[in-house]
Colleague: 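Before anything else, here's the structure in question.
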Protein chains: 4
Amino acid sequence: MTSRAKPKRSTTNDYARFYSITTRWHDNDVYGHVNNVTYYAFFDTAVNGLLIDAGVLDPASDTVVGLVVETRCSYFASLTYPDRVEVGVAVEHLGRSSARYRVGVFRAGENEARAQGEFTHVYVDRASGKAADIPAPVRAVLTEMRI
Amino acid sequence: MTSRAKPKRSTTNDYARFYSITTRWHDNDVYGHVNNVTYYAFFDTAVNGLLIDAGVLDPASDTVVGLVVETRCSYFASLTYPDRVEVGVAVEHLGRSSARYRVGVFRAGENEARAQGEFTHVYVDRASGKAADIPAPVRAVLTEMRI
Amino acid sequence: MTSRAKPKRSTTNDYARFYSITTRWHDNDVYGHVNNVTYYAFFDTAVNGLLIDAGVLDPASDTVVGLVVETRCSYFASLTYPDRVEVGVAVEHLGRSSARYRVGVFRAGENEARAQGEFTHVYVDRASGKAADIPAPVRAVLTEMRI
Amino acid sequence: MTSRAKPKRSTTNDYARFYSITTRWHDNDVYGHVNNVTYYAFFDTAVNGLLIDAGVLDPASDTVVGLVVETRCSYFASLTYPDRVEVGVAVEHLGRSSARYRVGVFRAGENEARAQGEFTHVYVDRASGKAADIPAPVRAVLTEMRI
């Protein structure tokens, strides 16, 4: 395979909702910047947090839940604890049982993403693990986050 | 050894400074509550964050740094993502080269700590690892946090 | 309060069982050593892992579970990824509904702990959260780990 | 945008080297499986660990270091602590200053990846942050990992 073109760096205009996250001492790795893995923790926290805040996700009791089947992230510029982070979220694709989010990580107050990626949930029945339709209340919230 | 008495649950009055932290999806463990380990990440983040905010800690360049030599935590009540957390910090003991902090973890808006503990830094020369006096600017900040 | 005496550094003879853990890139923090918080992840992993391996803990389905009510750790010497770690575990106190473990973190092949601490579980009914007797199969395993 | 085809699930034959990792209690999230974020910690640990083991990476002192600019992961089947993990690594693309790895996460003893992805390092001068040629000893190791 060959080298791949990097995606165009996104701005706050490319997202429908934002979720605030504080960084932590140990987000920084030995190179003094927020470790690449931590950005995926930001993705998880922002996407699920927006659904919880909207009242359509209860991880303790929901019988149909979204499982992560694919994620990706491109890194443009580093963050460092104690930066404050704003995570932009929008829905890029909304299927019968899956939703793909666009996610961007911004230093609070900035307009250009320092990192951005995608995050795909497939909904399944929690007990059986079989694919399930996205519950109607979730779909209503995701529809508002389309871009 | 025998069983040990649990410490008295502290309140916001027992702390000198507070530091805000947002919880994350994966702070919750399989039992649905913030995992006990994560509270120590709150300690680390709050103590160092207050020093950074006061302008007396630069992890990238300081030649004398505080290393953690002892920590402890007692857990009274659980937290759950997406709770917001306030970490109370006070200096209980201030020696020539060491400082012991009292740390309390509160759900934002509450008066009683959900967990509390201690966190002890010993200052060392970063290159040699030998004990060093607490730098004067750090000492000035810590003195204001005595309780 | 005053400064406190550091506990005596333990050796492999002070533990009843050992659990192997591999370190990870991001266990290291900005100072280049395994972050203090990570040792508590070792505690959690070793104690629960020994119970799971003994067949007396199933986090997915057990109706009586051990919740962490108190932990502590003293740090004597640092570890650095990619060190391999052996965690020593012994039961120091075994009550009706609680167990306190002694835990030591060793670099594989060494005799002296690089860090050591305590870890206390209180057993509760998972649904109600009320204190419960330690289940008999767990107690049998813990009794063999007394020291 | 539309839905995307999932990549073909890889097997151990698709990788040049393997790196062993033990899972941890808190790798599991509230759904009882290793959290999606943790797989990226496996990637980081395996790629860097293989370079350290080969003697061509010293995070404490290297003046030219690999920074992560892009990662991705597809999830096929879950893992659960206390599973043991083998991470397969191969070099898919080797440029002048960048290397793209294929990474697969296997439950120890299995032939099909439970998750797989890509991990791209760009080498930079640590002080200036400017792109740098991959150091010759690193290149020699990566060339052996081409597939």
Side-chain angles (χ1 to χ4, degrees), chain B residues 1-7 29-45 47-48 58-62 65-78 90-100 102 115-122 124 126 129 146-147, chain C residues 1-7 29-45 47-48 58-62 65-78 90-100 102 115-122 124 126 129 146-147:
Chain B
M1 299 184 200
T2 56
S3 186
R4 290 185 186 159
K6 216 165 178 183
D29 69 9
V30 68
Y31 295 146
H33 300 297
V34 172
N35 181 256
N36 68 88
V37 176
T38 304
Y39 291 75
Y40 289 99
F42 296 161
F43 288 12
D44 230 10
T45 297
V47 169
N48 287 300
D58 180 349
S61 65
D62 285 346
V65 296
L67 297 189
V68 174
V69 293
E70 187 152 335
T71 54
R72 64 182 303 159
C73 187
S74 299
Y75 304 86
F76 298 100
S78 60
V91 172
E92 279 187 341
H93 176 78
L94 185 54
R96 181 169 176 166
S97 65
S98 72
R100 188 175 72 242
R102 176 192 305 170
Q116 69 196 42
E118 293 179 334
F119 180 95
T120 303
H121 263 155
V122 167
V124 299
R126 194 173 190 156
R146 286 300 301 268
I147 203 162
Chain C
M1 298 183 200
T2 58
S3 185
R4 291 186 186 158
K6 217 167 177 180
D29 69 9
V30 69
Y31 295 146
H33 300 297
V34 172
N35 180 255
N36 68 87
V37 176
T38 304
Y39 291 75
Y40 288 100
F42 296 162
F43 289 12
D44 229 10
T45 298
V47 168
N48 287 301
D58 179 349
S61 65
D62 285 345
V65 297
L67 297 189
V68 174
V69 293
E70 187 152 335
T71 55
R72 61 182 306 157
C73 186
S74 299
Y75 303 86
F76 298 99
S78 60
V91 172
E92 280 185 343
H93 176 76
L94 185 54
R96 181 167 174 166
S97 66
S98 73
R100 189 174 73 241
R102 176 191 304 170
Q116 70 197 40
E118 293 179 334
F119 179 96
T120 303
H121 263 155
V122 167
V124 299
R126 194 173 193 158
R146 287 299 302 269
I147 203 162

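Just so it is clear: chains get the letters A, B, ... in the order the sequence lines come, proteins before strands, and each one is counted from 1. If you're wondering where the values come from, they're calculated on a predicted model, not measured in any experiment.
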Colleague: Does the side chain of C/Y40 reach to within under 4.5 Å of the side chain of B/T71, using non-hydrogen atoms?
Modeller: yes

Colleague: Looking only at heavy atoms, which two atoms of B/P59 and C/V30 are closest? And how far apart?
Modeller: CB-CG1, 4.0 Å

Colleague: Quick one: what part of B/N35 sits under 4.5 Å from any heavy atom of chain C, side chain, backbone, both or neither?
Modeller: side chain

Colleague: Quick one: which of C/T38, C/V69, C/V122 has the most heavy-atom pairs under 4.5 Å with chain B, could you say?
Modeller: C/V69

Colleague: Working to the nearest 0.5 Å, report the span between OH of C/Y75 and OG1 of B/T120.
Modeller: 10.5 Å

